[in-house]
Amino acid sequence: MQVQNTMAHTEKLVQRNDIRNVAIIAHVDHGKTTLVDGLLKQSHIFRENQHMGELIMDSNDQERERGITILAKNTAIIYRSIKINIIDTPGHADFGGEVERVLNMADGCILLIDAVEGPMPQTRFVLQKALELNLQPIVVINKIDRRDARIDQVLEWTQDLFLELATTYAHLNFPVLYAVGRDGVAMYHPDDERINLEPLFETIVNTIPAPVVDTGAPFQLLVAALDYDDYKGKYAIGRIVRGRVTPNTFVAHINRDGVTSRQKINLVMTYKGLQRIEVPEALAGDIVALTGIAGANIGETIADVDYPEALPTIAITEPTLKMTFGVNTSPFAGREGKYPTSRQLRSRLYRELETNVSLRVVDSNSPDEFIVSGRGELHLSVLIESMRREGYEFQVSRPEVITHEDENGKIVEPIEHLVIDTRDSYIGVLTETLASRKAQLINMTNDGSGNVRLEYHIPTRGLIGFRNIFLTLTQGNGAMSSLLVSYEPWLGKIGTTRMGALIASETGVAVTYGLSNAQQRGDTFIEPGTPVYEGMIVGLNARPMDMAVNVCKEKQKTNVRSSTSDIAVRLTPPIIMSLEQSLDFINNDELVEVTPQNIRLRKRLLTQHERSRARSNE
């Protein structure tokens, strides 16, 4: 990539005291989005009679349903005539790429830490990324009103984490505040009167450095996010690194390959609350959304047309899991989806790459299958669910781990740091289960009240399917999170603990009599009246081998009357699995069929004859 030098311009740096750019970072469920709610409401961005509800920034349907932030978003508030640009980021490790791509827009960060859980794996990840970019941190210990809050202990752990990750002395000089985000209060000391978020507003203004920029230099912006609407087209969102920009001006668009094209900016927009507002000019230090550059992608540069200098692209951590997306080949293909063809599926997957920076898509040897790689099961399942809701119909395979070769030619696999918080009565069953998944216990702490924290190093493939087993083993009394830490030599085969599947032997409609016979063999996944096809998985066998069952079999009619013939057959309620549970459940010879109306499990080879022949060839 050729980068030109602008010799004619003399650098004149100025400090923009009218603006602050801050990112809110934390582990999942530590209260980032709730705190942003409080900041928005107390900055009087909304009218007095305007009811905005809760989790204002989580506007996506899946975000509201799952209760997590998936996409990083921008907003802005005004405090004492100073504009504070706020970037709300996801806390889940699977969406770490969202954090990586937006942190370069900020000059400082608010690190939220739960007063009970303390620093968690993703806390370490986001803080490390922030300190690498030399962002000024503000630590907020949140949820101090919880009954089992341990504020002093959490502060000590936080200081230890900073000592471990800091690269300069300045990183250790950070203010600490205490907050109850849900109530919209922050304090300098836990015992202070709980009034509002004024202490946090003051700390942001006084601690986060104002941007020091050169507004007279040639324009330069790195695209950190994209958005789209039907009226204005694609928005290229980023922070102006230097110079200024006005609407209806020509700029240079420099892609990742260094190819420069001349483009025209139609509109320049900045943020105010939840809205984008058009402005006649934006200066270096502003976070803006530009329209008119249809070919813009994340990590590319928009620069002055006369001085097209490229900025360094955003480095994103590589994915760890892959799965195969393919055209639906079941007998029910094409019945329920609007977009069932390989051309439509391929187009949608490659379009996702524009905004989903952690994703990778590769064409496979088959024209009907595509290999999609992501940061984890949740990352990939969110994509599958989004496509399903849009009307796509396809099938996916079991997630597989992505391995690499080291310099000696040996296969290495990703290893994750797993943290489990649960009751001490579950240590035995968890240790036994995780040992079979090649996990190694590296630390265990007990708070003396029956709560325990277990820390493991475990291969990523050992975590596939573990979340559902974990919830069952702990009876819901536990929380787990993990973070990629390294690559280590292949640890050997991990056995499966799943029993065999009950497989439909005929195509038709499931009936009560047939399901009653199937329930004598194991648990069923479908209700009476459900259409089935040969090779579809309809239940879980009580034994290790697969078993074909005829769930369409009806009771034979007879003219012999019986005093008990009219007694209805009572069925055990079926197990209805979510998309994530379905992906965890299947083996390598099985697929999940995804349509807008149904999620079905099936064998790759549908007929009993094909499966028998494949087994004999192994």
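Values reported hereafter were calculated over all heavy atoms of this structure, with side chains retained and with hydrogens, waters and symmetry mates removed.
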* Backbone N/O of Ile82 and side chain of Arg20: donor-acceptor pair under 3.5 Å -> no
* For the pair Arg242 and Glu309, evaluate side chain to side chain contact (heavy atoms under 4.5 Å, CB included) and give the outcome as yes or no after the intermediate values. => CA-CA 11 Å; Arg242 68 179 192 203; Glu309 291 186 27; 3.4 Å; yes
* Asked: Is any NZ, NE, NH1 or NH2 atom of the basic residue among Asp421 and Arg453 found under 4.0 Å from an Asp or Glu carboxylate oxygen of the other?
  -> yes
* Asked: Roughly how far apart are Lys83 NZ and Tyr271 OH, rounded to 0.5 Å?
  -> 10.0 Å
* Asked: In Å, rounded to the nearest 0.5 Å, how long is the span from CG of Leu267 to CD of Glu278?
  -> 4.5 Å
* Structure fact -> Note: Ala289 and Ile237 closest approach over all heavy atoms is CB-CG1, 3.9 Å
* Asked: Given the rule in the side-chain hydrogen bond (donor to acceptor under 3.5 Å, both in side chains) test, do Asn451 and Arg423 qualify, once you have shown the distances and angles that lead to the verdict?
  -> CA-CA 5 Å; Asn451 299 311; Arg423 303 289 295 173; 2.8 Å; yes
* Is it true that the side chains of Glu281 and Thr246 contain a donor and an acceptor less than 3.5 Å apart? -> no
* Asked: Hey, does the side chain of Arg101 reach the backbone of Ala224 with a donor-acceptor pair shorter than 3.5 angstrom?
  -> yes
* To do: Find out whether Phe125 and Leu484 are in side-chain contact, i.e. whether some heavy atom of one side chain is under 4.5 Å from a heavy atom of the other.
  => no
* **Greater than 12 external heavy atoms within 6.0 Å of Asp152's CG** => no
* Are His379 and Asn356 side-chain neighbours, meaning at least one heavy-atom pair lies under 4.5 Å? -> yes
* Can you tell me if Ser358 uses its side chain to pair, donor with acceptor, with the backbone of Gly374 under 3.5 Å? -> no
* Asked: Hey, are Arg244 and Asp286 close enough for a salt bridge, meaning a charged N less than 4.0 Å from a carboxylate O?
  -> no
* Euclidean distance, Thr203 OG1 relative to Ile138 CD1, rounded to 0.5 Å -> 6.0 Å
* Asked: So do Gln263 and Ser261 actually touch side chain to side chain, heavy atoms under 4.5 Å?
  -> yes
* Out of Asn85, Asn74, Asp107, which one pairs with Arg239 under the side chain to side chain donor-acceptor pair (under 3.5 Å) rule? -> Asp107
* Short side-chain to backbone donor-acceptor contact, Asp192 and His189, under 3.5 Å -> yes
* Asked: Is any side-chain N of the basic residue among Arg194 and Asp145 closer than 4.0 Å to the acidic one's carboxylate O?
  -> no
* Asked: Leu380 versus Val372: any side-chain heavy-atom pair under 4.5 Å?
  -> yes
* Distance (rounded to the nearest 0.5 Å) between Ile240 CD1 and Met105 CE -> 12.0 Å
* Considering only heavy atoms from C-beta outward, does the side chain of Ile293 approach that of Val251 to under 4.5 Å? -> yes
* Asked: What do the steps show when you test Met269 against Lys232 for side chain to side chain contact (heavy atoms under 4.5 Å, CB included), and what is the final call?
  -> CA-CA 11 Å; Met269 310 179 91; Lys232 296 185 176 69; 4.2 Å; yes
* Structure fact -> Interatomic distance, CD1@Ile24 vs CD1@Ile204, rounded to 0.5 Å, equals 7.0 Å
* Residue pair Ile298 / Thr355: nearest heavy atoms and the distance that separates them -> CD1-O, 3.6 Å
* Decide if atom CD of Gln275 counts as having more than 12 heavy atoms of other residues, nucleotides or ligands within a radius under 6.0 Å. => no
* To do: Using a 4.5 Å cut-off on heavy atoms from C-beta on, say whether the side chain of Gln122 contacts that of Ile25.
  => no
* Mind listing the closest non-hydrogen atom pair of Ala252 and Pro308 along with its distance? => CB-CB, 3.8 Å
* Is a donor on one side and an acceptor on the other found under 3.5 Å between the side chain of Asp183 and the backbone of Val185? -> no
* Thinking salt bridges, do Glu354 and Lys234 make one under a 4.0 Å N-O criterion? -> yes
* Asked: Is it the case that Arg276 places NZ or CZ above or below the six-membered ring of Tyr235, under 6.0 angstrom from the centre and within 45 degrees of the axis?
  -> yes
* To do: With the side chain counted from C-beta on, respond yes when Ser482 and Leu463 share a heavy-atom pair under 4.5 Å apart, and no when they do not.
  => yes
* To do: Please assess Tyr188 against Glu202 for the test side-chain hydrogen bond (donor to acceptor under 3.5 Å, both in side chains), listing each intermediate value before the final yes or no.
  => CA-CA 11 Å; Tyr188 294 111; Glu202 286 291 333; 5.6 Å; no
* Heavy-atom distance under 4.5 Å between the side chains of Thr301 and Val223, does that happen here? -> no
* Asked: Hey, does the side chain of Arg256 reach the backbone of Asn297 with a donor-acceptor pair shorter than 3.5 angstrom?
  -> no
* To do: Walk me through it: do Val180 and Lys143 pass the test side chain to side chain contact (heavy atoms under 4.5 Å, CB included)?
  => CA-CA 5 Å; Val180 183; Lys143 306 186 183 182; over 6 Å; no
* Do you know which two heavy atoms are closest between Pro209 and Gln136, and how far apart they sit? -> CD-CB, 3.7 Å
Which pairs would a plain distance check flag for residues 110-118, meaning a side-chain donor or acceptor within less than 3.5 Å of a matching protein atom at least two apart in sequence or in another chain?
from   : atom 1 : to     : atom 2 : distance (Å)
Asp114 : OD1    : Val116 : N      : 2.7
Asp114 : OD1    : Glu117 : N      : 3.2
Asp114 : OD1    : Arg146 : NH1    : 3.3
Asp114 : OD2    : Arg146 : NH1    : 3.0
Glu117 : OE1    : His30  : NE2    : 2.7

* **Between CG on residue Leu221 and CG on residue Asp304, distance to nearest 0.5 Å** => 12.5 Å
* To do: Locate the shortest heavy-atom distance separating Gly285 from Asn21; write the atom from each residue and the value.
  => O-ND2, 2.9 Å
* Asked: Between Asp88 and Thr33, is a side-chain hydrogen bond (donor to acceptor under 3.5 Å, both in side chains) present by the stated rule, with each step listed?
  -> CA-CA 7 Å; Asp88 185 22; Thr33 306; 3.0 Å; yes
* With distance as the sole test, does Asn196 use its side chain to make a donor-acceptor pair with the main-chain N or O of Glu198 at under 3.5 Å? -> yes
* Asked: For Glu580 and Ser381, which heavy atoms make the closest approach, and how far apart are they?
  -> OE2-OG, 2.9 Å
* For Arg467, which residues count as a side-chain contact (heavy atoms from CB on, under 4.5 Å) partner, sequence neighbours excluded? -> His92, Met480
* Asked: So does Glu100 pair up with Arg375, basic N to acidic O under 4.0 Å?
  -> yes
* Is it true that Arg360 and Glu352 have a side-chain N and a carboxylate O under 4.0 angstrom from each other? -> no
* **CA sep, side-chain torsions, deciding dist, call: Trp157, Leu161, side chain to side chain contact (heavy atoms under 4.5 Å, CB included)** => CA-CA 6 Å; Trp157 285 338; Leu161 182 64; over 6 Å; no
